[in-house]
Amino acid sequence: MTQYIGITQYNHITPSTTLKDILYNNEFHIGNLDDKKRSAVARTFTVQGIFLPHAAAALGARAFPPDLRRIVDFIVSHVDDPISAQVICEIPSVQFPKDAPLPTLLLLLNIIGCCTCTFAGSESQDPREPASFGLLPPPMRQQIEAQILSSMIPEAKAQVRQRGGRVLGADPLLLGTGVGRAYADFLLGQPASLGQSAIGAAIIGTRPSTHTYLFSSGRVQSAHDVVTALQNFSDSEQSETLDTTAVFSADEIFTQRCTKETILERLDKIPLEYAVTVQKYKHLGEREGLKMALLAVSKKWKIELYCCSSQMKKSAPTPASNQRHPCVRPEWLVSSPRGAHAPWLMSLLAAVSEKMQTVPG
């Protein structure tokens with residue numbers, strides 16, 4: 001995977017904001033990150049929702065209205081092979097009115113091959129019945145891909161081999177609304193622009209551990225957990241037997257690891273850092289606010305942070321016999337004093353604007 005398409009939205013939440021306001025937000029920030037070319041570009045688009053029973057036929061015939069044609073042109077001009085791309089999309093709900101903008105956008109991405117998802121109930125002509133977002137079950141995906149592959153000409157089959165056997169677009173990776181911008185804030189150490197929020201979402205897609213951490217329904221370490229872990233590490237004279245602690249929540253394991261770089265002073269400031277960060281991101285909800293707080297504290301006190309799911313553990317190679325901490329693996333790193341992403345990627349994020357940005361290879 002070399003190309004990632006991040007999709008974010010900005011919702012100005014006020015006491016009078018309703019769920020309808022959020023579901024009918026028609027402004028999207030779309031970014032393309034190409035880690036092979038080391039380039040990134042982001043644009044803002046508006047999408048007018050199309051009643052889903054009508055949209056499938058119209059878009060399937062490539063009858064794109066002007067607002068959607070602009071998105072198609074943007075993606076096609078920056079993505080070499082849409083089926084090889086990975087979409088990372090903020091989504092406020094799994095149920096939508098049939099004429100909401102986001103289902104229209106996702107249907108468009110389905111049709112041009114960037115991703116594959118479903119909308120149960122979209123065939124119904126009843127406007128009161130919502131459409132439910134979903135992903136293809138693996139057996140159904142395999143069956144559809146086999147049918148398509150069997151009718152392909154040799155040149156098309158060769159292209160499928162080049163993309164590792166993929167026939168349909170990948171499942172989109174999902175995020176809560178606002179998470180892309182919050183993560184870009186964290187990486188930059190300052191408020192991110194709306195364009196940077198889209199590239200921030202795309203960057204999340206480059207590391208499964210980061211996406212798992214940010215999309216998990218689990219609850220991460222509290223401020224008390226972090227303070228206790230650092231105190232124990234300090235009291236043990238930085239013993240390696242007490243350098244790692246973990247929280248098991250939902251389907252994930254959140255692991256923090258102290259190193260020689262970890263700061264063991266001013267631990268009484270950690271609860272305040274948590275409280276300030278949770279307040280800053282209260283619009284994301286408490287669970288996501290705590291995740292951002294743990295990231296902020298890990299960065300400031302130089303703690304390594306890892307995350308893995310049960311599926312990631314199951315598919316990982318058997319740990320080496322001398323590996324003391326089975327949940328501490330480089331591919332599961334979320335944050336570290338040295339950073340979880342390549343320096344060139346951070347330079348690219350900082351430079352993102354409405355123009356294409358590249359960094360030297």
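Since we're looking at a predicted model, the values are computed, not measured. The first residue in the sequence is number 1, and the count goes up from there.
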Self-check item: side chain to side chain contact (heavy atoms under 4.5 Å, CB included) assessment of Glu123 paired with Glu129
Solution: CA-CA 10 Å; Glu123 302 84 1; Glu129 181 184 339; over 6 Å; no
Self-check item: Step-by-step side chain to side chain donor-acceptor pair (under 3.5 Å) determination, Asn26 to Thr46
Solution: CA-CA 5 Å; Asn26 69 347; Thr46 57; 5.2 Å; no
Exercise. Check the pair Asp34 / Gln3 against side chain to side chain donor-acceptor pair (under 3.5 Å), numbers first and verdict last.
Key: CA-CA 4 Å; Asp34 188 324; Gln3 293 187 298; 2.9 Å; yes
Quiz item: Under the side chain to side chain contact (heavy atoms under 4.5 Å, CB included) criterion, do Leu294 and Leu305 qualify, and how do the steps go?
Solution: CA-CA 9 Å; Leu294 180 57; Leu305 181 61; 3.8 Å; yes
Practice problem: Could you please spell out the steps behind the side chain to side chain contact (heavy atoms under 4.5 Å, CB included) verdict for Asn11 and Asp21? | Solution: CA-CA 9 Å; Asn11 289 301; Asp21 295 329; over 6 Å; no
Practice problem: Go through the steps to decide whether Arg70 and Asp67 satisfy the test side chain to side chain contact (heavy atoms under 4.5 Å, CB included), and finish with yes or no. | Solution: CA-CA 6 Å; Arg70 284 189 284 272; Asp67 57 334; 3.9 Å; yes
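Listed for the Glu273 side chain is no donor-acceptor partner under 3.5 Å among the backbone atoms of Ile270. Judged by distance alone, the side chain of Lys98 and the main-chain N or O of Asp126 form a donor-acceptor pair under 3.5 Å. The backbone N or O of Leu174 sits less than 3.5 Å from a side-chain atom of His211, completing a donor-acceptor pair. Although no hydrogens or angles enter the test, the distance criterion places a donor-acceptor pair under 3.5 Å between the side chain of Thr116 and the main chain of Gly169. Between the side chain of Glu261 and the backbone N or O of Lys302, no donor-acceptor pair lies under 3.5 Å. Using modelled atom types, one side-chain atom of Asp185 and one backbone atom of Ala192 make a donor-acceptor pair closer than 3.5 Å. When atom types are taken as modelled, the side chain of Gln221 and the backbone of Phe254 share a donor-acceptor pair closer than 3.5 angstrom.
A ring-centre distance under 6.0 Å is found for Phe74 and Phe45.
Interatomic distance, SG of Cys117 versus CG of Leu109, reported as 8.0 Å (0.5 Å rounding). Residue His341 holds its NE2 atom at 6.0 Å from CD1 of Ile203, rounded to the nearest 0.5 Å. To the nearest 0.5 Å, atom CG of residue Leu230 and atom CD1 of residue Ile303 are 4.5 Å apart. In this structure, Leu194 CG and Gln9 CD are separated by 11.0 Å, a value rounded to the nearest 0.5 Å. Between the CG atom in Leu136 and the CG atom in Asn110 there is a gap of 8.5 Å [rounded to 0.5 Å]. For the atom pair OG1 (Thr104) and CG (Leu52), the distance works out to 5.5 Å, reported to the nearest 0.5 Å.
Judged by distance alone, the side chains of His29 and Thr8 never bring a donor and an acceptor atom under 3.5 Å apart. With no hydrogens or angles considered, no side-chain donor-acceptor pair links Asp35 and Thr2 at under 3.5 Å. No hydrogens or angles considered: nothing links the side chains of Thr228 and Gln231 as a donor-acceptor pair under 3.5 Å. Between the side chains of Ser216 and Glu252, at least one donor N or O sits under 3.5 Å from an acceptor N or O.
Ala184 and Gly200 make their closest contact through CB-CA, 4.2 Å (heavy atoms, listed as atom of the first residue, atom of the second, distance). A pairwise comparison of heavy atoms in Gly339 and Leu333 identifies O-CD2, 4.4 Å as the closest pair. Nearest heavy atom pair, residue Ala100 against residue Tyr24, reads CA-CE2, 4.1 Å. The two residues Ser122 and Pro53 come nearest to each other via the heavy atoms O-CG, 3.0 Å. Between Leu23 and Pro97, the shortest heavy-atom distance links the atoms CD1-CD, 3.7 Å. Tyr4 and Gly205 make their closest contact through CE2-O, 3.5 Å (heavy atoms, listed as atom of the first residue, atom of the second, distance).
In the hydrophobic clustering of ILVMFWY residues, with side-chain heavy atoms under 4.5 Å counting as a link, Val76 and Leu68 come out together. At a threshold of 4.5 Å between side-chain heavy atoms, the hydrophobic network of Ile, Leu, Val, Met, Phe, Trp and Tyr places Ile144 and Leu135 in two separate groups. Linking ILVMFWY side-chain heavy atoms closer than 4.5 Å, directly or via other members, places Ile253 and Tyr306 in two distinct hydrophobic clusters. Phe51 and Phe64 sit in two unconnected hydrophobic clusters of ILVMFWY residues. Membership requires side-chain heavy atoms under 4.5 Å apart, directly or through other members. A single hydrophobic cluster is seen to contain both Ile7 and Val72, as judged by linkage of ILVMFWY side chains at heavy-atom distances under 4.5 Å, directly or through other members.
When side chains are defined from C-beta on, Ser249 does not count as touching Val220, because their heavy atoms never get closer than 4.5 Å. Inter-residue side-chain proximity for Phe233 and Ser239 is flagged as unmet; no heavy-atom pair is nearer than 4.5 Å. At a threshold of 4.5 Å between non-hydrogen side-chain atoms, the residues Arg257 and Thr259 count as touching. Val179 is not listed as a side-chain neighbour of Lys291, based on a closest heavy-atom distance of 4.5 Å or more. Residues Phe119 and Leu106 have side chains in contact (heavy-atom distance under 4.5 Å, counting atoms from C-beta outward). By the 4.5 Å heavy-atom criterion applied to side chains, Leu102 and Phe28 are counted as neighbours. In this structure, Thr210 and Tyr183 have side chains that are in contact, with non-hydrogen atoms separated by less than 4.5 Å. Between Leu290 and Ser222, every side-chain heavy-atom pair lies at or beyond the 4.5 Å cut-off.
A salt bridge does not link Arg207 to Glu331: none of the charged nitrogens lies less than 4.0 Å from a carboxylate oxygen. A salt bridge links Asp171 with Arg141: the closest approach of a Lys/Arg side-chain nitrogen to an acidic carboxylate oxygen falls below 4.0 angstrom. Contact check on Lys37 versus Asp80 returns a salt bridge, with a Lys/Arg side-chain nitrogen under 4.0 Å from an Asp/Glu carboxylate oxygen. Comment: Glu304 engages Arg338 in a salt bridge, judged by a side-chain N to carboxylate O separation of less than 4.0 angstrom.
Surrounding CD of Gln125 are more than 12 heavy atoms belonging to other residues, nucleotides or ligands, all under 6.0 Å away. The number of heavy-atom neighbours closer than 6.0 Å to CE of Met152, taken from other residues, nucleotides and ligands shown, is above 12. Counted within 6.0 Å of NZ on Lys299, heavy atoms from surrounding residues, nucleotides or ligands total more than 12; the atom is thus considered enclosed. Environment of CD in Glu265: sparse, with no more than 12 heavy atoms of neighbouring residues, nucleotides or ligands closer than 6.0 Å.
The aromatic rings of His283 and Tyr281 are tilted relative to each other, their planes meeting at an angle between 30° and 60°.
Between Gln86 and the options Leu33, Ile5, Leu173, a side chain to side chain contact (heavy atoms under 4.5 Å, CB included) holds for only Leu173.
Annotation: cation-pi geometry satisfied between Arg181 and Tyr10 (NZ/CZ under 6.0 angstrom from ring centroid, within 45° of ring axis).
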